[in-house]
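What follows is a short report on a single structure.
Nothing fancy with the numbering, it's 1 onward along the sequence. One-based numbering, in listed order, for ligands and for the atoms of each.
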Amino acid sequence: MFGEEYSDKVIDHFMSPRNSGILPDPDAEGMCGDPNCGDSLTIYLSVKDNIIEDISFLVYGCVAAIATSSMTTELAKGKTLEEAAKITDKDITQALDGLPENKLHCSALGAEALKDAINNYYVRYRLK
Ligand code: FES
């Protein structure tokens with residue numbers, strides 16, 4: 001169905017995305033869109049004592065965009081804001097056991113939307 005290019009982990013996260021949907025009362029949200037392919041991702045954060053207590057996402061995109069969004073939330077959950085801000089597209093790709101060359105850019109959506117959400121959290125709660 002998906003060809004042989006996707007790892008088992010990518011297919012697993014595509015078929016059963018973790019943390020999908022909108023948090024009821026998020027502390028911050030962040031977005032990233034790729035104008036070339038049209039895919040876009042929004043990440044929602046719930047933060048307590050500087051820790052990402054809950055996180056969710058809504059994505060419009062390809063198989064890899066869904067899987068990388070899901071993995072992004074798994075990697076970020078339970079981390080401090082500073083730790084989560086350091087998650088890179090390479091971390092996300094590695095955690096999924098790799099992506100096909102033409103799908104590497106999909107992991108950037110997760111890393112960038114997460115950073116955007118963290119920045120928006122800082123703006124909302126710390127820079128007042
Ligand atoms: Fe662009 Fe997947 S094809 S994010």
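- Of the possible polar contacts, one joining the D116 side chain to the M31 backbone as a donor-acceptor pair under 3.5 Å is found.
- Here the closest non-hydrogen pair linking E29 and N120 is O-ND2, 2.7 Å.
- Under a 3.5 Å cut-off, the side chain of S16 and the backbone N or O of H13 do not form any donor-acceptor pair.
- With hydrogens and angles disregarded, a donor-acceptor distance shorter than 3.5 Å links the side chain of D34 to the backbone of N36.
- For a distance threshold of 2.8 Å, the protein N, O or S atoms nearer than that to atom 1 (Fe) of ligand 1, listed by chain and number, are C37 SG, H105 NE2.
- Using a distance-only test at 3.5 Å, with no hydrogens or angles considered, no donor-acceptor pair links the side chain of E112 to the main chain of L109.
- Each of T68, T93, T72, D91 was evaluated against S107; a single residue qualifies, T93, per the side-chain hydrogen bond (donor to acceptor under 3.5 Å, both in side chains) test.
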